[in-house]
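Report on the structure given below.
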Amino acid sequence: MPEGPELHLASLYVNKMCNGVVFTGPVRKSEVSKSPDVPFTCEAYRITATSRGKEVKLTLTPMKSDDTKRKAKKGQADQPMDVVFRFGMSGYFRFTTEDELPKHAHLRFYSTEKPCRVLSFVDARRFGSWQHSGTWQPSRGPCIMFEYKSFRENVVSHLSDRAFDRPICEVLLNQKYFNGIGNYLRAEILFRLNIPPFVAARTVLEGLESEDFCENEKPVKNEIADTKTSDGTEHKRVKEETGDLLRLCHTVPLEVVSLGGKGYDPEKADYSDFQAWLQCYYVDGMKSVRDHNGRTMWFKGDPGPMAPKDSKSPKAKKRTKKEDDHDYTDKKKVAKSRSASSAKKKAVKQEAVTKTPKREKDARPKEAKSKRGKTDKPLKVNTARHEKRSTARRRGSSNAGPTAAGGLRRSRRVTRPNGK
DNA sequence: CGTCCACGTCTAC
DNA sequence: TAGACCTGGACGG
């Protein structure tokens, strides 16, 4: 989930769910988490949230009480504390009753409610992190959504930075300049402007002004015009996006925010709106290649001059040694055995804490290129009916597969929503 | 069962 | 510029 829009939706979720709720006691961390303990405990405090780019900050505010004046009990906080979170690949917040704690709830805030409810930072992969008494990470630039003006100025005034020597698609992931842009957003943004992903960033950006002169232009609705070409293939022509690249880095993420909860609230695990919103990322018919950092770049048309020279011979990687395979990752599937009886301590299977070494990569280059004429597949499969994503599922280039941002599991939509 | 893939950083050679 | 860090879902055999 986590790109700028999801982090912001997470902050809205926290503010909505925790409005009026009183929290109490210490902040609790899971056994397996490597992030720092949060040294905060208070009889009664409130929680509010804000977001900036790809970070969310929770503010824990002690409530006034008689105790406060009487010099609260030792250890009790009387000053607010900020905890800054980064979501990694799988982080999110959930507010549930105590007995419905989600799996992987690594940091928890307990309310004073009767059936106690808990605000949890949930993160299955644990790539996320938090820092107490924190501030926004200094190395990250202004938020693309809510600090638009300074975001623009920061980019435009630093175009001489060597960072802009790289392909635009890779620079868009540089959080020092594009705090909030992630893998699906870079694809959607470049796609809207038809910018080849592997063109030098400076080339694409030079000439843009610090000021956004489009700001007041009415957002011309993107018209979609279906046209038939000689070969009978149906094409959809996207009519002019308003604004330059930097403006789209601001408006496109905001479109996701406006989609609402669907994008975030895992509760209603309904990502259909989000899926329908995607025009390029993981969309059937689009191309994809690994960028120089091993991340999949989705695009249409020309990849651009700086495209990876197919260099990475993924296959050359060969098997990784076999020797070490003894991961003692005791997989005790949570046998939902409802041993309601006493001892609840050990019952809670902990995530493996073994330090077992060597496991394979996450983003490792894979098969590449497989040029294929556009021949078959006139991408107009609305006939469907039972249509199980039966479509070819070649990786490395040219098209989709399952699972993606926001959980784009299952079949991919093949036709644009507004395409007729 | 095993392999591949995933919305992102981090640090170490 | 590679790995490291993780879990789990989709798929293939």
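Chain identifiers are assigned alphabetically (A, B, ...) following the order of the sequence lines, protein sequences preceding nucleic acid strands; residue numbering begins at 1 within each chain.
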Write out a two-atom table: protein N or O, nucleotide N or O from nucleotides 10-13 of chain B, distance below 3.5 Å.
unit_1, atom_1, unit_2, atom_2, d
B/dC10, OP1, A/Arg86, NH1, 2.7
B/dC10, OP2, A/Gln137, OE1, 3.4

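- In this entry the distance linking CG of A/Asp291 with C1' of C/dA2 reads 13 Å, nearest Å.
- The main-chain N or O of A/Thr135 is never found under 3.5 Å from a side-chain atom of A/Lys57 such that the two would form a donor-acceptor pair.
- Annotation: cation-pi geometry not satisfied between A/Lys287 and A/Trp298 (NZ/CZ under 6.0 angstrom from ring centroid, within 45° of ring axis).
- Residue A/Gln175 places none of its side-chain N or O atoms closer than 4.0 Å to OP1 or OP2 of B/dG8.
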- [ ] Could you summarise the pairing of DNA chain B as dot-bracket text, marking Watson-Crick and G-U pairs under 3.5 Å with ( ) or [ ] inside the strand and | across strands?
- [x] ||||||.|||||.
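- Residues passing the ring-ring contact (aromatic ring centres under 6.0 Å, His included) test with A/Phe151 are A/Phe178, sequence neighbours excluded.
- Per the geometry, CZ belonging to A/Arg295 stands 16 Å off P belonging to C/dT1, to the nearest Å.
- Residue A/Tyr92 contributes atom OH, which lies 11 Å from atom P of C/dG8 at whole-angstrom precision.
- Closest to the A/Lys54 side chain, of the nucleotides C/dG8, C/dT7, B/dG8, is B/dG8.
- With C/dG8, B/dA6, B/dG8 as the candidates, the nucleotide lying closest to the side chain of A/Tyr282 is B/dA6.
- To the nearest angstrom, P of C/dG9 lies 13 Å from OH of A/Tyr271.
- A 4.5 Å side-chain heavy-atom check between A/His104 and A/Arg126 finds every atom pair outside the cut-off.
- Partners of A/Arg166 according to the salt bridge (Lys or Arg N to Asp or Glu O under 4.0 Å) rule, which considers only residues two or more places apart in sequence or in another chain, are A/Glu170.
- Judged as a salt bridge (Lys or Arg N to Asp or Glu O under 4.0 Å), and not counting sequence neighbours, the contacts of A/Glu113 are A/Arg117.
- With sequence neighbours excluded, the residues satisfying side-chain contact (heavy atoms from CB on, under 4.5 Å) with A/Thr112 are A/Val22, A/Thr24.
- If you measure from atom CG of A/Leu185 to atom P of B/dG8, you get 9 Å, rounded to the nearest angstrom.
- For A/His292, no side-chain nitrogen or oxygen approaches OP1 or OP2 of C/dA2 to under 4.0 Å.
- Residue A/Thr296 places at least one side-chain N or O under 4.0 Å from the OP1 or OP2 atom of B/dA6.
- For the P atoms, the distance from B/dC5 to C/dG13 is 15 Å, rounded to whole Å.
- Rounded to a whole Å, the CG atom of A/Leu173 is 13 Å from the P atom of B/dA6.
- Checked against side-chain contact (heavy atoms from CB on, under 4.5 Å), A/Ile195 has the following partners two or more places apart in sequence or in another chain: A/Ile168, A/Leu190, A/Leu193, A/Val204, A/Leu245.
- Remark: A/Asp165 engages A/Arg162, A/Arg202 in a salt bridge (Lys or Arg N to Asp or Glu O under 4.0 Å) (not counting sequence neighbours).
- The phosphate of C/dA4 has neither OP1 nor OP2 within less than 4.0 Å of any side-chain N or O from A/Arg126.
- The nearest whole Å value for the distance from the CD atom in A/Gln275 to the C1' atom in B/dA6 is 14 Å.
- Phosphate contact (OP1/OP2 of C/dG8, side-chain N/O of A/Lys103, threshold under 4.0 Å): present.
- Side-chain proximity of A/Arg125 to the nucleotides C/dG8, C/dT7, B/dC5 is greatest for C/dT7.
- In the set B/dG8, C/dT7, B/dC5, the nucleotide with an atom closest to the side chain of A/Asn183 is B/dG8.
- Distance check on atom P: C/dC5 versus B/dC13 gives 12 Å, rounded to whole Å.
- Atom CE of A/Met89 and atom P of C/dA4 are 17 Å apart (whole Å).
- In this view, A/Val156 and A/Ser210, A/Leu246 satisfy the side-chain contact (heavy atoms from CB on, under 4.5 Å) rule, not counting sequence neighbours.
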